[in-house]
Amino acid sequence: MQPLPWAEDVSLAGRNTFHVAARAQAMCDVRQLSRIGEAFDLAAMKNLPVLVLGEGSNVLFAGDYPGLVLCITADDCRVLQQDGDSAIIRAEAGMRWNDLVNWTLARGWNGLENMALIPGTVGACPIQNIGAYGVEVAEFIETVEAYHRGTGQVKRLPAADCAFAYRDSRFKQERDTWVILAVEFRLNRTRPLQMAYAGVPEELQAMGIAAPEALHVAEAISRIRTRKLPNPDLLGNAGSFFKNPILPDAQIDALLSAHPQAPVFSAGQVGFRKVSAAWLIEQAGWKGFRDGDAGIAAQHALVLVNHGAASGKQLLQVAEKVIASVAAGF
């Protein structure tokens with residue numbers, strides 16, 4: 001068996017969508033999921049901490065990483081079982097998320113179309129329970145296959161054991177415990193399309209689609225995202241950087257009393273509602289802000305951006321200023 005590909009003192013600039021010029025003490029790419037334990041054993045022998053990195057689209061390197069950056073590149077995707085209009089589809093962690101969306105839609109499986117064009121890998125999707133345009137990935141996850149760092153065993157966790165919540169999960173809360181290897185999704189050909197989210201019906205109408213199918217919804221959402229969010233290939237960013245605050249009803253009522261125009265949404269839990277972080281940030285005057293090469297996108301207030309040579313530390317400082325400003329103002 002060939003040794004695992006291992007390199008020392010590796011640039012991370014091409015491994016994160018902020019294009020921050022950080023470096024890793026070591027890097028290892030794992031193509032075969034059965035060899036994940038070898039990588040951890042090698043890191044342990046060298047006394048190196050391990051950071052598992054996907055596409056680097058949800059991470060900000062505020063400095064160099066003094067350990068091993070482990071990248072899972074396994075990207076197989078297949079139908080495990082099919083029963084009429086329903087199927088369980090297994091995708092390995094290294095597959096790009098949007099490739100999976102396109103793979104399922106090309107085969108007639110509905111469900112993931114509202115999450116088209118989200119950057120990142122399949123292995124990252126359960127960690128923060130990705131979601132967009134009224135849909136969250138937890139609705140479709142049947143099982144997550146993950147490596148337990150403590151025991152070295154591979155576990156299969158049903159969705160009920162994953163503690164999914166808004167941009168949260170067991171894997172996020174226990175991030176030093178689990179390494180996601182593959183995700184299994186239950187999709188259905190006849191699932192009703194979710195098209196009520198603001199902007200989607202208008203985009204479909206502009207496309208001239210009178211009887212939309214899942215492929216059309218994916219295309220409409222891709223067009224909206226392309227207009228609203230800067231392309232990370234051209235402007236370093238990680239998409240929406242800030243979360244919508246979920247607040248108790250009493251706090252939301254107080255906010256609306258002072259700011260009746262504040263956009264507020266259901267949080268999916270009794271006694272709480274969600275307020276638009278983009279609105280809060282824009283009202284605080286940060287949209288389009290720039291300090292050197294670090295700033296906030298002019299297109300969307302949720303997007304922290306690197307205009308060229310900003311360090312991760314500089315980007316983090318801008319984010320912290322935005323957070324403090326919103327807290328003080330609201």
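Keep in mind it's a predicted model, so treat the numbers as computed, not measured. In this chain, residues are counted from 1 in sequence order. Side-chain atoms are counted along with the backbone in the values below, which use heavy atoms only and exclude waters and symmetry mates.
Pro126 has its side chain out of reach of Trp178: every pair of non-hydrogen atoms, C-beta onward, lies at least 4.5 Å apart. Looking at heavy atoms from C-beta onward, Asn231 lies out of side-chain contact with Leu235 at the 4.5 angstrom threshold. By the 4.5 Å heavy-atom criterion applied to side chains, Glu113 and Leu193 are counted as neighbours. Residues Leu255 and Gln251 fail the side-chain proximity criterion, which asks for heavy atoms closer than 4.5 Å. Using a 4.5 Å heavy-atom threshold, the side chains of Gln128 and Lys243 count as separate. Inter-residue side-chain proximity for Val303 and Ile296 is flagged as unmet; no heavy-atom pair is nearer than 4.5 Å. With a 4.5 Å cut-off on side-chain heavy atoms, Ile88 and Val79 do not count as touching. Between Val101 and Ile118, every side-chain heavy-atom pair lies at or beyond the 4.5 Å cut-off.
Between Arg191 and Asp85, no side-chain nitrogen of the basic residue sits less than 4.0 Å from a carboxylate oxygen of the acidic one, so the salt-bridge criterion is not met. Residues Glu142 and Arg156 are not paired through a salt bridge, judged by the lack of any N-O separation under 4.0 Å between the basic side chain and the carboxylate. With respect to Asp249 and Lys274, no salt bridge is recorded, no charged nitrogen being found less than 4.0 Å from a carboxylate O. Taking a cutoff of 4.0 Å between a charged side-chain nitrogen and a carboxylate oxygen, Arg96 and Glu55 qualify as a salt bridge. The existence of a salt bridge linking Asp76 and Arg78 is confirmed by a sub-4.0 Å separation between a basic side-chain nitrogen and an acidic carboxylate oxygen. A salt bridge is absent between Lys46 and Asp41; no separation between the charged side-chain nitrogens and carboxylate oxygens falls under 4.0 Å.
No continuous path of hydrophobic side-chain contacts links Ile89 to Leu33 [ILVMFWY only; heavy atoms under 4.5 Å]. No continuous path of ILVMFWY side-chain contacts below 4.5 Å connects Trp97 to Leu117, so the two sit in separate hydrophobic clusters. Grouping the Ile, Leu, Val, Met, Phe, Trp and Tyr side chains by contacts below 4.5 angstrom, directly or via other members, places Ile180 apart from Val154. Hydrophobic cluster membership differs between Val10 and Leu4, with clusters built from Ile, Leu, Val, Met, Phe, Trp and Tyr side chains linked at under 4.5 angstrom. Under the 4.5 Å side-chain heavy-atom criterion for ILVMFWY residues, a single connected hydrophobic cluster contains both Val318 and Val326.
To the nearest 0.5 Å, atoms CH2 (Trp109) and OG1 (Thr190) are separated by 9.5 Å. Note that CG of Asp29 and CG of Leu70 are 8.0 Å apart. Values are rounded to the nearest 0.5 Å.
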TODO: Report the C-alpha separation of Leu68 and Cys28 in whole Å, then their side-chain angles, then the decisive distance to 0.1 Å, and conclude whether the side-chain contact (heavy atoms from CB on, under 4.5 Å) test is met.
DONE: CA-CA 7 Å; Leu68 171 67; Cys28 179; 3.8 Å; yes
- [ ] Go through the steps for Glu136 and Asn129 under the test side-chain hydrogen bond (donor to acceptor under 3.5 Å, both in side chains), then give the verdict.
- [x] CA-CA 6 Å; Glu136 291 185 338; Asn129 182 20; 3.0 Å; yes
Task: Full working for side-chain contact (heavy atoms from CB on, under 4.5 Å) between Leu105 and Leu112 - done: CA-CA 8 Å; Leu105 293 176; Leu112 307 185; 6.0 Å; no
Open item on the list: Run Phe40 and Val30 through side-chain contact (heavy atoms from CB on, under 4.5 Å) and show every step you take.
Closed with: CA-CA 11 Å; Phe40 278 94; Val30 176; over 6 Å; no
Task: From CA spacing to verdict: side-chain contact (heavy atoms from CB on, under 4.5 Å), Leu315, Asn306 - done: CA-CA 7 Å; Leu315 289 164; Asn306 178 6; 4.1 Å; yes
Open item on the list: Apply side-chain hydrogen bond (donor to acceptor under 3.5 Å, both in side chains) to residues Asp9 and Gln25 and explain how you reach the verdict.
Closed with: CA-CA 5 Å; Asp9 187 25; Gln25 186 172 340; over 6 Å; no
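No hydrogens or angles considered: nothing links the side chains of Asp293 and Gln314 as a donor-acceptor pair under 3.5 Å. Residues Arg186 and Ser86 bring a donor and an acceptor atom of their side chains to less than 3.5 Å of each other.
A donor-acceptor pair under 3.5 Å is absent between the side-chain atoms of Asp75 and the main chain of Glu92, judged by distance alone. Without hydrogens or angle criteria, Glu38 side chain to Arg35 main chain gives no donor-acceptor distance under 3.5 Å. Between the side chain of Arg149 and the backbone N or O of Val50, at least one donor-acceptor pair lies under 3.5 Å. One N or O on the side chain of Asn114 and one on the backbone of Tyr133 form a donor-acceptor pair closer than 3.5 Å. The closest donor-acceptor contact from the side chain of His259 to the backbone of Gln261 lies at 3.5 Å or more, if one exists at all. A donor-acceptor contact shorter than 3.5 Å links the side chain of Arg170 to the backbone of Asp161.
Smallest separation of non-hydrogen atoms from Ala277 and Leu302: CB-CD2, 3.6 Å. Ala278 approaches Asn244 most closely through the heavy-atom pair N-OD1, 4.5 Å. Contact record, Gly131 with Met115: CA-SD, 4.2 Å, taken as the closest heavy-atom pair. Phe140 and Gly111 make their closest contact through CZ-O, 3.2 Å (heavy atoms, listed as atom of the first residue, atom of the second, distance). In plain terms, the two heavy atoms of Arg90 and Glu184 that are nearest each other are NH1-OE2, 3.5 Å.
Residue Arg15 places its CZ atom among 12 or fewer non-hydrogen atoms of other residues, nucleotides or ligands, all under 6.0 Å distant. Heavy atoms from other residues, nucleotides or ligands lying under 6.0 Å from NZ of Lys172 number more than 12.
Aromatic pair Trp286/Phe242: centroids not less than 6.0 angstrom apart.
Note on ring orientation: taking the six-membered ring where Trp is involved, the planes of Phe330 and Trp279 are tilted (angle from 30° to 60°). Taking the six-membered ring where tryptophan is involved, the planes of Phe164 and Phe171 are tilted, since the angle between them lies from 30° to 60°.
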